[in-house]
Amino acid sequence: MNLKSFGDSYIFGSELTDDTTLYITHSKLTWPAMLAKKLSYNYECFARPGAGNLHILEQILNQIEISNKSDLFVIGWSYLTRFDYINKNADPEKPWFNWSSCMPSSRMSDVDKIYFKELHSIYRDILTSLTYIKLVIDSLEQREIKFIMTCADESLLSQLKNPTPGLLYLQNYIKSYITQFNNNSFHVWSSKNKYQFGPGGHPLEDAHLAGADYMFNVYKNNYL
Amino acid sequence: MNLKSFGCSFIYGSELSDDNSDSNNLRPSRLTWPAHLAQFLGREYETHARPGAGNLQIAERVLSHAANSAADFFVIGWTWTDRFDIWDPAGDSRHFRDDDLWFKWNTIMPSGNSNLAKNYYRDYHSEFRDKLTTLMTVRLVIDTLKQKGIPFVMTYMDKLMFDQEWHTTPAVTDLQAYIQPYMTTFDGQNLLDWSRQQGYPVSDLWHPLDLAHRAAGDYIINVFDKEISHH
């Protein structure tokens with residue numbers, strides 16, 4: 001019985017007190033890790049700080065075929081604006097060097113700037129993330145694997161001006177599968193509840209502890 | 001009770017003898033192999049293919065029609081995996097009605113000479129990413145059509161989708177195994193290679209011409225006669 005978690009730095013546990021080796025050893029103080037403890041699951045974390053949703057999707061698909069009904073998947077989808085690509089110039093010594101992600105920040109590289117200037121659109125971001133999420137939902141259900149799915153980006157289900165029927169269909173399809181924290185992302189919920197944050201903007205231990213309690217109740221309602 | 005087709009120029013029918021499209025109007029051909037199939041099945045033919053489209057754009061159109069289709073039959077021709085669809089809010093509306101939401105799609109392809117294409121293929125493109133995103137998109141469409149009970153025929157142009165020598169992970173190989181049984185080929189080939197092998201005329205822009213589409217329509221009718229009758 002394994003609880004397998006997937007996502008970005010929120011699931012990896014960046015800035016928590018046991019995150020001493022940045023990008024290599026995941027924290028055991030995250031809400032998915034503590035949920036595993038409460039449910040007596042072995043905990044495995046496949047989250048990667050900075051990952052976008054395509055990268056997360058690949059990690060999940062790599063695990064689905066070697067998992068079974070007794071496992072529980074916890075997935076934290078990331079911000080929709082992140083664009084994952086295979087970085088041909090990356091340092092091979094860096095963990096997970098093959099994937100890089102363009103993301104908006106004040107310290108964007110030239111590659112990031114070109115992406116956001118010429119290729120990016122909110123519509124494409126939402127559409128592609130919705131396709132990844134539906135694929136994962138269908139794949140997990142076909143394998144009868146239990147899962148809890150959250151999303152860091154509250155715009156995933158937002159109403160767009162003139163959406164295509166395809167995009168609306170996807171939003172309606174996945175809506176009931178996304179579990180948020182009192183209808184908020186973990187970040188927003190932690191902020192509203194006045195939990196502490198690290199300098200890098202990640203909720204710290206207290207937030208994760210409360211998040212585990214919250215998700216334990218969700219699990220009980222869904223699966224027990 | 002229509003037959004709806006989706007894809008790129010190979011499904012649209014670019015360069016067929018009734019392709020009267022110009023820069024202001026798109027008039028899809030009715031001499032394509034999906035149009036022949038529609039005639040055989042006695043169904044009205046609608047094509048939602050768009051020349052130059054990439055697979056994300058194709059998938060979005062399929063999903064948009066699947067959302068409200070029940071009794072229709074879908075034909076989908078997946079295109080080259082290295083095309084990258086971008087959503088351009090400014091859009092080029094010359095080809096489409098004002099209320100057509102899809103004119104905002106634009107597609108980057110390797111033959112493009114723009115700086116945009118050069119930047120994309122230099123910095124962001126990889127065969128692995130193409131393969132992964134195409135395979136997951138195809139699987140998503142297969143699952144959706146099955147959930148909706150919509151019968152379909154699916155073909156593809158790009159053999160790289162099923163390549164297992166390079167750029168594979170468990171995710172890729174599992175997706176390949178999942179979607180392969182749903183793919184229809186022309187004697188194991190795509191329409192272009194099959195047309196060339198059979199000696200049918202192909203244009204300089206690689207589009208099989210009327211004779212090839214007629215034969216391909218007959219081929220698909222023969223291969224799927226029983227299954228189609230069942231639907």
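Each chain gets a letter, A, B and so on, in the order its sequence line appears, and its residues count up from 1.
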State whether the number of non-hydrogen atoms from other residues, nucleotides or ligands found under 6.0 Å of [X] atom [atom1] is greater than 12.
X      : atom1 : value
A:N183 : CG    : no
A:E141 : CD    : yes
A:K28  : NZ    : no
B:N113 : CG    : no
A:I122 : CD1   : no

Could you grab the distance from atom [atom1] of [X] to atom [atom2] of [Y], nearest 0.5 Å is fine?
X      : Y      : atom1 : atom2 : value
A:Y85  : B:S126 : OH    : OG    : 11.0 Å
B:D174 : A:E65  : CG    : CD    : 4.0 Å
B:Q147 : A:D138 : CD    : CG    : 4.5 Å
A:L61  : B:L132 : CG    : CG    : 7.0 Å
A:L170 : B:L140 : CG    : CG    : 6.5 Å
B:K148 : A:Y169 : NZ    : OH    : 5.0 Å

Which atoms of B:T173 come close to chain A, meaning under 4.5 Å heavy atom to heavy atom: side chain ones, backbone ones, both, or neither? neither
Examine whether an atom of [X] lies under 4.5 Å from a heavy atom of chain B, and if so say whether it belongs to the side chain, the backbone or both; otherwise answer neither.
X      : value
A:Q59  : neither
A:I114 : both
A:I66  : neither
A:F83  : side chain

With chain A, which of [options] has the greatest number of heavy-atom pairs at distances under 4.5 Å?
options                        : answer
B:A59, B:A67, B:A171, B:A66    : B:A171
B:T144, B:L175, B:V141, B:I108 : B:T144
B:Y120, B:Y178, B:F128         : B:F128

In terms of heavy-atom pairs under 4.5 Å with chain B, which of A:K117, A:E118, A:Q63 leads? A:E118
Would you mind telling me which of A:L57, A:N172, A:L127, A:T128 has the largest number of heavy-atom pairs within less than 4.5 Å of chain B? A:L127
Flag, side chain of [X] to backbone of [Y], donor-acceptor distance under 3.5 Å:
X      : Y      : result
B:Y124 : A:D84  : no
A:R124 : B:D85  : yes
B:D123 : A:V111 : no
B:R129 : A:L54  : no

Would B:L116 and A:L119 count as a side chain to side chain contact (heavy atoms under 4.5 Å, CB included) here? Give the steps. CA-CA 8 Å; B:L116 183 62; A:L119 299 169; 3.7 Å; yes
For a 4.5 angstrom cut-off between non-hydrogen side-chain atoms, does A:H120 reach B:I86? no
Quick one: do B:D143 and A:Q142 satisfy side chain to side chain contact (heavy atoms under 4.5 Å, CB included)? Show the steps, please. CA-CA 10 Å; B:D143 286 343; A:Q142 285 167 20; 3.4 Å; yes
Between A:G166 and B:S64 the two heavy atoms that sit nearest each other are N-OG, 2.7 Å
Angle class for the A:Y123/B:W87 ring planes (parallel below 30°, perpendicular above 60°, tilted otherwise)? parallel
Using the ring of A:Y132 (Phe, Tyr or Trp, six-membered ring only), decide whether B:R139 places NZ or CZ under 6.0 Å from its centre and within 45 degrees of its axis. no
